[in-house]
Amino acid sequence: MKIQTKYFGEQEISASDIISFPSGLPGFNEIKQFVLLPFGEVFYILQSVDEKNVAFVVTSPFSFFSTFMVDLPDTLVKQLSIESEKDVSVLVIVSVKNPFNQSTANLKAPVIINTARKLGKQYIPETSSYALSEPLVQTNNQKGA
Amino acid sequence: MLILTRKQGESIRIGDEIEVKIVAVEGDQIKLGITAPRDIDIYRSEIYEAIQKENSQAVSDQLPADVLQTMKTLKKKNK
């Protein structure tokens, strides 16, 4: 099927590419179908199948924050029908700025995807010491995550 | 919004499967106990709203071509 995308124009996708987000995402609760499109080597675009302009820049947090950790509670594991950690993909939403080195990542609410069942959700931990807007490019202080 | 008053120890039922109990009242802090099905998520409102706002901002950016180019050509770090 053909979809309209924010960064790639018209794209051909197949039904098996579609990742379902049964709860949508906070702020976008009605948007429940996405595809993940690579954007270079490091980034992906989490693109809504139906709404061209709902497209999140995402990346693996481990690419930028080597000590990042997330512990998935049983309720989330059940909600996403996760059967093996091999099937889990952790992504974070990037707020891209101009210039690029001022961009930030939302480490407080990572996006968790069960790649085997194509189910996803933005997970908001009960408590998190991570930042909502953590700079991607660390300054000389090298705070890390 | 439904407004009602409860005393410590009393509770409220929302639908058939959700219960909110006033567990303790200590000064201006009210401890709530919430019972809900596993598929219903419970958040502190200010945190949920902050995520909503951050998501909306992340989506609304109109990025210039040179920023997009920088992103596309960034290479994976070799550890």
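Proteins come first, then strands; the chains are lettered A, B, ... in the order of their sequence lines, and each starts at number 1. Since we're looking at a predicted model, the values are computed, not measured.
Of the atoms belonging to A:Asn98, heavy atoms from both backbone and side chain fall under 4.5 Å from chain B. Residue contact with chain B, scored on non-hydrogen atoms closer than 4.5 Å, involves the side chain of A:Phe43 exclusively. Heavy atoms of A:Asn53 lying under 4.5 Å from chain B belong exclusively to its backbone. At a 4.5 Å heavy-atom cutoff, the contact between A:Ile93 and chain B is made by side-chain atoms alone. Using a 4.5 Å cut-off between heavy atoms, A:Thr104 touches chain B through its side chain atoms alone.
Placement of A:Leu46 and A:Tyr44 within a single hydrophobic cluster is found when ILVMFWY residues are connected by side-chain heavy-atom separations under 4.5 Å, directly or transitively.
Between the side chain of B:Asn55 and the backbone N or O of A:Pro26 there is at least one donor-acceptor pair closer than 3.5 Å. Side-chain atoms of A:Lys6 come within 3.5 Å of backbone atoms of B:Val59 as a donor-acceptor pair (strictly under, hydrogens ignored).
Residues A:Glu126 and B:Arg44 are paired through a salt bridge, judged by an N-O separation under 4.0 Å between the basic side chain and the carboxylate. Salt bridge absent: B:Arg38 and A:Asp74 never bring a charged side-chain N and a carboxylate O closer than 4.0 Å.
When the shell of 6.0 Å around CZ of A:Phe28 is examined, it contains more than 12 heavy atoms from other residues, nucleotides or ligands. Residue-environment remark: CD (A:Glu51) stays at or below the threshold of 12 foreign heavy atoms within 6.0 Å.
Taking all atoms of both residues into account, the shortest heavy-atom contact from B:Gln52 to A:Gly27 is CG-N, 3.3 Å. The minimum heavy-atom distance linking A:Ser95 with B:Ala58 is given by the pair OG-CA, 4.0 Å.
Side chains of A:Lys97 and B:Val67 form no contact here, defined as non-hydrogen atoms less than 4.5 Å apart. Under the 4.5 Å side-chain criterion, counting only non-hydrogen atoms from C-beta, B:Ile51 is in contact with A:Gln122. Two residues are said to be in side-chain contact when any heavy atoms from C-beta on lie closer than 4.5 Å; B:Met71 and A:Val57 meet this criterion.
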Determine, step by step, whether B:Lys53 and A:Leu132 satisfy the side-chain contact (heavy atoms from CB on, under 4.5 Å) criterion, reporting the C-alpha distance in whole Å, the side-chain angles of both residues, the deciding distance to 0.1 Å, and the verdict.
-> CA-CA 10 Å; B:Lys53 189 172 165 203; A:Leu132 197 57; over 6 Å; no
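The distance from atom OG of A:Ser133 to atom CD of B:Gln57, rounded to the nearest 0.5 Å, is 7.5 Å.
In terms of heavy-atom pairs under 4.5 Å with chain A, the best-connected choice from B:Thr73, B:Asp39, B:Thr70, B:Leu63 is B:Leu63.
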